Amino acid sequence: MVVTERRCLHDPLQCIIPPHMLERLAESSDPAVAGPARESMLQSIRTRAFREASRLDSDWPARATPRDRKHRMVYDAGGSFDLPGRLVRAEGDADTGDMAVREAYRYTGSVWDYFKKVHNRNSLDDRGMTLTCCVHVGRNYSNAFWDGSRMGFGDGDGILFRRFTRSIEVVAHELAHGVIAFSSDLRYFGESGALNEHFGDVLGVLVRQWKRKQEVSSADWTIGSELLVGAPTRRAL
Ligand SMILES: [Zn+2]
């Protein structure tokens with residue numbers, strides 16, 4: 001057995017939707033767009049504050065995982081930011097019928113398989129780290145993040161964004177931040193921060209292409225198209 005609850009706390013909260021996008025949405029004249037965007041910004045600030053506080057939390061639970069086998073734990077935050085929330089599906093447990101839980105469990109499994117089979121890497125830290133996901137984070141929360149030890153996924157505002165577990169490359173992008181944190185010193189600001197995000201995007205897309213057996217030349221390289229309600233714009237490499 002190995003201890004697998006590990007954290008990379010030297011970097012800030014890393015979100016798939018960057019702050020400047022939410023800031024622009026928060027300035028919208030449409031209150032249905034601006035309100036959820038402002039709330040998502042505030043919720044990210046709260047999460048950062050929680051993360052800062054948890055740096056000093058010596059009671060953070062250690063997780064043990066069977067060596068060289070994937071181990072997933074999916075929690076339901078129940079619309080709050082009090083993470084991780086209630087454990088609803090651990091490794092080997094039956095499907096709960098909740099789509100967000102199903103997608104988080106399935107896609108984190110695909111990411112673990114990708115790193116094991118393609119890179120011979122044993123989870124994010126190469127030491128069998130448990131993959132912990134929190135779904136239904138916040139109310140109408142339009143973001144997904146890696147907080148140094150686990151992923152969080154909002155359900156979206158239903159106007160611009162759907163739930164953030166819908167996209168395998170978004171799930172893979174967030175997990176890739178873990179791989180990047182454990183294998184590099186790309187601090188999350190400036191040029192190194194941009195490279196950090198870039199590698200997250202590339203690894204996210206590679207996981208999708210590997211899972212779907214796509215060739216690089218035939219793949220579309222877009223990220224998160226499943227998240228967008230109207231799909232007016234897309235983030236592409
Ligand atoms: Zn990112």
Side-chain angles (χ1 to χ4, degrees), residues 12-54 57 60 72-90 95-108 131-175 177-178 200 204 223-235:
L13 193 73
Q14 297 167 39
C15 299
I16 192 78
I17 304 295
H20 64 266
M21 275 186 66
L22 290 174
E23 287 171 10
R24 289 295 299 272
L25 293 172
E27 293 169 359
S28 170
S29 59
D30 183 348
V33 172
R38 277 197 288 268
E39 185 60 23
S40 292
M41 291 171 64
L42 287 172
Q43 288 177 327
S44 294
I45 291 169
R46 291 185 198 118
T47 302
R48 287 190 180 93
F50 171 82
R51 187 167 179 272
E52 289 298 313
S54 70
D57 181 5
W60 195 277
R72 293 162 285 182
M73 300 179 80
V74 182
Y75 291 81
D76 186 341
S80 82
F81 251 81
D82 188 11
L83 304 184
R86 182 171 56 93
L87 179 63
V88 289
R89 190 173 185 185
D95 184 67
T96 65
D98 182 316
M99 281 300 295
V101 174
R102 181 183 305 164
E103 290 162 346
Y105 184 85
R106 179 181 299 166
Y107 294 158
T108 53
L131 303 182
T132 303
C133 300
C134 306
V135 301
H136 304 310
V137 174
R139 298 278 179 204
N140 303 317
Y141 181 55
S142 294
N143 227 329
F145 59 82
W146 162 258
D147 78 350
S149 64
R150 60 196 169 199
M151 295 149 290
F153 298 96
D155 291 324
D157 57 11
I159 298 169
L160 295 177
F161 297 104
R162 306 174 195 268
R163 67 177 181 278
F164 278 68
T165 50
R166 286 172 56 93
S167 168
I168 186 172
E169 64 269 19
V170 167
V171 174
H173 173 107
E174 298 309 325
L175 283 167
H177 276 307
I223 292 180
S225 56
E226 298 93 341
L227 307 184
L228 300 176
V229 173
T233 57
R234 291 177 178 178
R235 173 171 171 168

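Because the structure is predicted, anything quoted here is derived from the model rather than measured. Nothing fancy with the numbering, it's 1 onward along the sequence.
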Is there a donor in the side chain of Asn140 and an acceptor in the side chain of Ser142, or the other way round, less than 3.5 Å apart?
no

Spacing of Met151 atom CE and Phe145 atom CZ [to the nearest 0.5 Å]
10.0 Å

Between CG of Asp95 and CZ of Arg106, what distance do you get to the nearest 0.5 Å?
8.0 Å

So do the side chains of Tyr105 and Thr96 get within less than 4.5 Å of each other, counting heavy atoms only?
no

Between Asp98 and Val88, is there a side-chain heavy-atom distance shorter than 4.5 Å?
no

Short side-chain to backbone donor-acceptor contact, Glu169 and Gly224, under 3.5 Å:
yes

To the nearest 0.5 Å, how far apart are OG in Ser167 and CZ in Arg162?
12.5 Å

Ignoring hydrogens, what is the shortest heavy-atom contact between Ala100 and His136? Give both atom names and the distance.
CB-CE1, 3.6 Å

State, with a plain yes or no, whether a side-chain heavy atom of Val229 is found less than 4.5 Å away from one of Ile159.
no

Glu103: which residues meet the side chain to side chain contact (heavy atoms under 4.5 Å, CB included) condition with it, sequence neighbours left out?
Met99, Tyr107, Arg163, Thr165, Arg166

Work out which heavy atom in Phe153 is nearest to a heavy atom in Glu174; give both atom names and the distance.
CE2-CG, 4.4 Å

Parallel under 30°, tilted from 30 to 60°, perpendicular over 60°: which one fits the rings of Phe164 and Phe161?
tilted

Value rounded to 0.5 Å, distance of CZ in Arg86 from SG in Cys134:
12.5 Å

Determine the minimum heavy-atom distance between Ala77 and Leu83, stating which atoms define it.
CB-CD2, 3.7 Å

Would a distance-only check, ignoring hydrogens and angles, find a side-chain to backbone donor-acceptor pair under 3.5 Å from Arg89 to Val74?
no

Does CZ belonging to Arg102 count more than 12 external heavy atoms closer than 6.0 Å?
yes

Measuring from atom CG of Leu25 to atom CZ of Arg38, what distance do you get when rounded to the nearest 0.5 angstrom?
11.0 Å

Quick check for you: to the nearest 0.5 Å, what is the distance between Ser28 atom OG and Leu160 atom CG?
8.0 Å

Which heavy-atom pair separates Pro36 from Pro31 by the least distance, and what is that distance?
CD-O, 3.9 Å

Do Cys133 and Arg72 have side chains that get closer than 4.5 Å, going by heavy atoms?
no

For the student: nearest non-hydrogen atoms of Met41 and Ala26, plus distance:
SD-CB, 4.0 Å

